[in-house]
Enquirer: 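Input: one structure, supplied below.
Values in this document were obtained by computation on a predicted structure and should not be read as measured data. For the numbers below, each heavy atom of this structure counts, side chains included, while hydrogens, waters and symmetry mates do not.
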Amino acid sequence: MIWWRPQLRVLFVCTANVCRSPLAEALLRQRLRGLGLQRRVAVASAGTRVGQPGRPPDPRLRKLALEAGFKLGRIRARQVTPTMLAESDHVLAMEPEHLQELAALFPGGELPGAARLLGSCDPSMTPAAAAIPDPYCSDWQGFCAVHERIEAALDGLVDTLLLELEARA
């Protein structure tokens, strides 16, 4: 096994860590591999209310990954911790409620400055529309729509990461 120290750490957060955050994690990893940056940026995901730790991503997400050509790898549901948040350069939540739940993990309820909504990375989104809805109780179209929203947000996030990596070079 190769041990490495990334220059940046990105953490995606949703509720159960079986739909949105694993999707964002897998898609960002794919993009970073394509740019040759997979060793410079560590990517992870976690949930605020994980009911089944160790659960693989939702079967509909696995189907989406197969059809869209990206790999979910060994992503498994896990509960977010204060340590994960403190060690991350970018904490990207899917909904405002997630940010509130994350803030509750810290004394005084103050989140690290790196925490924000993933949707806010998409310059075409207004702040009011920055939440990425949970597709868990929706149909296939709901999963496809969330996939598109996350892809659009990752465009802006990747630009930010590239600028930060350039500044650290």
Side-chain angles (χ1 to χ4, degrees), residues 2 4-95 97-99 101-102 105 111-112 114-122 130-136 142-162 164-165:
I2 297 173
W4 51 277
R5 282 210 162 114
Q7 292 174 290
L8 294 173
R9 293 179 185 276
V10 176
L11 177 66
F12 294 104
V13 179
C14 69
T15 305
N17 193 214
V18 295
C19 294
R20 294 169 288 178
S21 57
L23 174 58
E25 177 183 354
L27 291 171
L28 182 57
R29 282 187 176 166
Q30 178 185 40
R31 288 181 183 214
L32 293 170
R33 272 191 305 276
L35 295 167
L37 299 173
Q38 67 274 18
R39 291 182 180 258
R40 295 181 68 191
V41 182
V43 184
S45 65
T48 59
R49 288 176 271 144
V50 176
Q52 297 176 332
R55 177 183 168 187
D58 185 280
R60 294 165 292 179
L61 182 54
R62 293 196 305 264
K63 178 184 176 197
L64 180 66
L66 185 64
E67 288 186 10
F70 62 90
K71 297 180 191 292
L72 291 169
R74 296 181 185 193
I75 297 173
R76 296 292 181 265
R78 63 186 182 151
Q79 183 69 37
V80 69
T81 66
T83 302
M84 286 179 198
L85 296 170
E87 291 176 350
S88 297
D89 299 292
H90 295 272
V91 176
L92 298 146
M94 302 298 155
E95 300 176 40
E97 294 79 18
H98 298 137
L99 293 174
E101 290 172 302
L102 296 176
L105 296 174
L111 266 173
R116 63 192 185 283
L117 294 176
L118 173 59
S120 70
C121 297
D122 180 353
I132 296 176
D134 191 349
Y136 189 77
F143 272 81
C144 293
V146 164
H147 176 221
E148 289 175 16
R149 289 280 309 275
I150 289 175
E151 286 278 19
L154 289 179
D155 290 342
L157 177 60
V158 168
D159 290 344
T160 299
L161 296 175
L162 289 171
E164 286 184 34
L165 289 170

Enquirer: Decide yes or no for Leu162 and Leu37: does some side-chain heavy atom of the first lie under 4.5 Å from some side-chain heavy atom of the second?
Expert: yes
Enquirer: State whether a side-chain donor-acceptor pair under 3.5 Å links Arg33 with Gln38.
Expert: no
Enquirer: With side chains defined as the heavy atoms from C-beta onward, is the minimum distance between Val91 and Phe12 less than 4.5 Å?
Expert: no
Enquirer: A side-chain contact here means heavy atoms from C-beta on lying under 4.5 Å apart; do Leu27 and His147 qualify?
Expert: yes
Enquirer: Surrounding OH of Tyr136 (heavy atoms of other residues, nucleotides or ligands, distance under 6.0 Å), is the total greater than 12?
Expert: no
Enquirer: Whether the side chain of Ser120 engages the backbone of Arg116 through a donor-acceptor N/O pair (distance < 3.5 Å, no angle test) should be reported.
Expert: no
Enquirer: Do Asp134 and Glu95 come close enough that some side-chain heavy atom pair is under 4.5 Å?
Expert: yes
Enquirer: Short question: side chain of Arg55, backbone of Val18 - any donor-acceptor pair under 3.5 Å?
Expert: no
Enquirer: Is Asp58 paired with Lys63 through a side-chain N to carboxylate O contact shorter than 4.0 Å?
Expert: no
Enquirer: Examine distances only and state if a side-chain atom of Glu101 and a backbone atom of Gly47 form a donor-acceptor pair shorter than 3.5 Å.
Expert: no
Enquirer: Regarding Glu151 and Arg31, does a basic nitrogen lie under 4.0 Å from an acidic carboxylate oxygen?
Expert: yes
Enquirer: Answer whether the closest heavy-atom distance between the side chains of Gln7 and Val41 falls below 4.5 Å.
Expert: no
Enquirer: Does a side-chain heavy-atom distance below 4.5 Å link Arg40 with Leu8?
Expert: no
Enquirer: Is there side-chain contact between Phe143 and Cys19, with heavy atoms separated by less than 4.5 Å?
Expert: yes
Enquirer: Under 4.5 Å between any side-chain heavy atoms of Asn17 and Pro22, yes or no?
Expert: yes
